[in-house]
Engineer: 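Shown below is the structure under consideration.
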Amino acid sequence: MPKSPSLFDFHLLLLFTIFSLAAADAIAAARPITQQFKEAPQFYNSEICPKIVGEDDESDNGTSIFLCSDQSVHVAMTLDSAYIRGSMAAVLSILQHSSCPQNIVFHFVASATANASFLRSTISSSFPYLNFQVYSFDDSSVSRLISTSIRSALDCPLNYARSYLADLLPSCVRRIVYLDSDLILVDDIAKLATTQLGDNSVLAAPEHCNANFTSYFTLTFWSSPTLSLTFANRKPCYFNTGVMVIDLDRWRRGDYTKKIEGWMEIQKRTRIYELGSLPPFLLVFAGNIVAVDHRWNQHGLGGDNFKGLCRDLHPGPVSLLHWSGKGKPWVRLDANRPCPLDALWAPYDLLQTPFALDS
């Protein structure tokens, strides 16, 4: 006859169950939580689009001729797990509004410490036909130069990757449109990409000459006769570095990465600004860029540091909406506290929610 379980046996079983549940919780906590994204529809070129000759061939150094074609529209963006949801929405908006989506090449720059295979597979799963490359950015190349700013988010080394695009991308890529990950386009990116840069300009961006330019630098900077003379014979205006058209050939010839690093080295010795990666760009380029229509960067939609403060659009037509600032539309939508303009971002969100039903 089987022996009845004793009180000791029950205690032993209870302890075993508790330890098993604790172990399961620990394993679940250690397992990375990944976002799942839906597959985007495929977009096709219109009949007027130029054919990229030899797009399936390889050049001598193994680089795709399609990747090097001047007829392609080259778009550069940074890519990381924190902002990948925004990046996916940005890519979808670009493709959806392009006349020649198959002629767009995306150049994604990711930190060398990031899980590049995860980022690459995430992009490929949602955009199986996308022309793209992922480049590894060595954080240590810039970390030693970064000074603390007024917001810790601005101190991320990947924010400075835009200064190194000329080195990271193949030398055959002559011109790129650089875009932040917190924006969407509602117009054809080819219009922006073909901005004329004239004979000498390295980059183009929407200028905001009504902004108080002096506020982007400290009193130490403006009180120094040597430093403040930087803007002599220039009419500097603020421009947002989240949307730029850059001539990489001219950048390389002028060694502008070194010029930006030079200002960052001065900042390490003498605090001349407070805002991360923006001021070095202003010091090097402000007053010497090609001004682009404001419709191509309706920025500031993320609001500022005041919780719950929503921004409205600037007057005039809109081709690009940019949620620069602290608030991001996907965060506010998830918290069920969206700003009115976040509804314009939502249709491009590819996040796969657990309750989504297949159509």
Side-chain angles (χ1 to χ4, degrees), residues 37-57 64-77 79 86-108 123-133 165 169-170 172-198 203-206 240 242-249 290-299 313 316-323 341 344-350:
F37 295 93
K38 297 174 285 189
E39 182 176 331
Q42 185 176 3
F43 299 93
Y44 298 93
N45 283 354
S46 66
E47 294 181 355
I48 63 171
C49 297
K51 178 176 173 55
I52 308 298
V53 179
E55 60 190 40
D56 296 325
D57 298 330
S64 159
I65 292 178
F66 185 89
L67 182 69
C68 292
S69 174
D70 288 338
Q71 291 182 308
S72 301
V73 172
H74 296 274
V75 179
M77 301 175 69
L79 193 63
S87 301
M88 302 285 275
V91 172
L92 176 58
S93 72
I94 293 167
L95 296 174
Q96 184 169 319
H97 295 282
S98 172
S99 298
C100 305
Q102 293 174 291
N103 288 4
I104 301 175
V105 180
F106 288 86
H107 303 267
F108 296 113
I123 295 293
S124 296
S125 296
S126 288
F127 302 101
Y129 305 101
L130 196 70
N131 300 306
F132 76 95
Q133 298 285 321
L165 293 173
L169 274 58
C172 63
V173 180
R174 301 172 177 276
R175 168 189 285 234
I176 57 100
V177 177
Y178 174 82
L179 299 174
D180 276 350
S181 298
D182 52 358
L183 52 77
I184 59 169
L185 273 76
V186 291
D187 202 344
D188 193 338
I189 194 171
K191 298 177 184 177
L192 177 61
T194 54
T195 300
Q196 296 299 310
L197 293 176
L203 66 83
N240 181 278
V243 179
M244 297 183 290
V245 181
I246 305 176
D247 186 315
L248 294 180
D249 274 350
V290 171
V292 177
D293 193 285
H294 288 173
R295 69 189 301 157
W296 288 105
N297 195 353
Q298 284 269 355
H299 70 288
L313 290 174
V318 180
S319 292
L320 184 152
L321 297 97
H322 187 185
W323 278 261
L341 291 177
L344 300 177
W345 181 90
Y348 302 97
D349 187 11
L350 286 172

Engineer: With side-chain hydrogen bond (donor to acceptor under 3.5 Å, both in side chains) as the rule and sequence neighbours excluded, what pairs involving residues 89-98 come up?
Structural biologist: H97-Y348
Engineer: How many angstroms lie between atom CG of D247 and atom CG of L197, to the nearest 0.5 angstrom?
Structural biologist: 6.0 Å
Engineer: Under 3.5 Å, is there a donor-acceptor pair between the side chain of Q42 and the main chain of A40?
Structural biologist: no
Engineer: Going by side chain to side chain contact (heavy atoms under 4.5 Å, CB included), name the residues that satisfy it together with S125, two or more places apart in sequence or in a different chain.
Structural biologist: none
Engineer: Take I52 and S72 through the side chain to side chain contact (heavy atoms under 4.5 Å, CB included) test and state the conclusion after the steps.
Structural biologist: CA-CA 7 Å; I52 308 298; S72 301; 3.9 Å; yes
Engineer: Quick one: side chain to side chain donor-acceptor pair (under 3.5 Å) partners of S181, sequence neighbours excluded?
Structural biologist: S87
Engineer: Not counting sequence neighbours, which residues clear side chain to side chain donor-acceptor pair (under 3.5 Å) with H299? List them please.
Structural biologist: none
Engineer: Run the side chain to side chain contact (heavy atoms under 4.5 Å, CB included) test against N131 and tell me which residues pass, sequence neighbours left out.
Structural biologist: F66, V105
Engineer: Kindly write out the residues that satisfy side chain to side chain donor-acceptor pair (under 3.5 Å) with R175, not counting sequence neighbours, or none if the list is empty.
Structural biologist: none
Engineer: If I compare all heavy atoms of D349 with all of K38, which pair ends up nearest, and what's the gap?
Structural biologist: O-NZ, 4.0 Å
Engineer: If you take all heavy atoms of K191 and D187, which pair is closest and at what distance?
Structural biologist: NZ-OD1, 2.9 Å
Engineer: Side chain to side chain contact (heavy atoms under 4.5 Å, CB included) with L95: which residues, sequence neighbours excluded?
Structural biologist: F43, V91, P101, I104, F106, F127, L130
Engineer: Show the nearest heavy-atom pair for residues F132 and S124, with the distance to one decimal.
Structural biologist: CZ-OG, 3.3 Å
Engineer: Can you find a pair of side-chain heavy atoms, one from W323 and one from D180, that are under 4.5 Å apart?
Structural biologist: no
Engineer: Considering residues at least two apart in sequence or located in another chain, which fulfil the side chain to side chain contact (heavy atoms under 4.5 Å, CB included) criterion with T195?
Structural biologist: L192, A204, V245, V290, V292
Engineer: First locate atom CD of Q102, then atom OH of Y129, and finally report the distance between them rounded to the nearest 0.5 Å.
Structural biologist: 10.5 Å
Engineer: How far does CG of L320 sit from CG of L185, to the nearest 0.5 angstrom?
Structural biologist: 4.5 Å
Engineer: Output all residues satisfying ring pair (Phe, Tyr, Trp, His ring centres under 6.0 Å) with H74, sequence neighbours left out; order by chain, then residue number.
Structural biologist: H107
Engineer: Just verifying a value: how many Å separate L313 CG and L344 CG, rounded to the nearest 0.5 Å?
Structural biologist: 7.0 Å
Engineer: Do the side chain of N297 and the main chain of G242 share a donor and acceptor less than 3.5 angstrom apart?
Structural biologist: no
Engineer: If the condition is salt bridge (charged side-chain N to carboxylate O under 4.0 Å, His left out), which residues does D188 pass it with, not counting sequence neighbours?
Structural biologist: none
Engineer: Rounded to the nearest 0.5 Å, what's the gap from CD1 on I176 to CG on L169? Could you check?
Structural biologist: 7.0 Å
Engineer: Counting C-beta onward and ignoring hydrogens, is there a side-chain heavy-atom pair between N103 and P50 closer than 4.5 Å?
Structural biologist: yes
Engineer: Taking all non-hydrogen atoms of both residues, which atom of Q298 and which atom of P317 are closest, and how far apart?
Structural biologist: NE2-O, 3.6 Å
Engineer: Quick one: closest heavy-atom pair of A90 and M77, and the distance?
Structural biologist: CB-CE, 3.7 Å
Engineer: Which pair of heavy atoms, one from S126 and one from M88, lies closest together, and at what distance?
Structural biologist: OG-CE, 3.1 Å
Engineer: What residues, two or more places apart in sequence or in another chain, satisfy salt bridge (charged side-chain N to carboxylate O under 4.0 Å, His left out) together with D70?
Structural biologist: R174
Engineer: With rounding to the nearest 0.5 angstrom, report the CG to CG distance, L248 to L203.
Structural biologist: 10.5 Å
Engineer: Suppose we screen for side chain to side chain donor-acceptor pair (under 3.5 Å). Which residues come up paired with D293, at least two apart in sequence or across chains?
Structural biologist: none
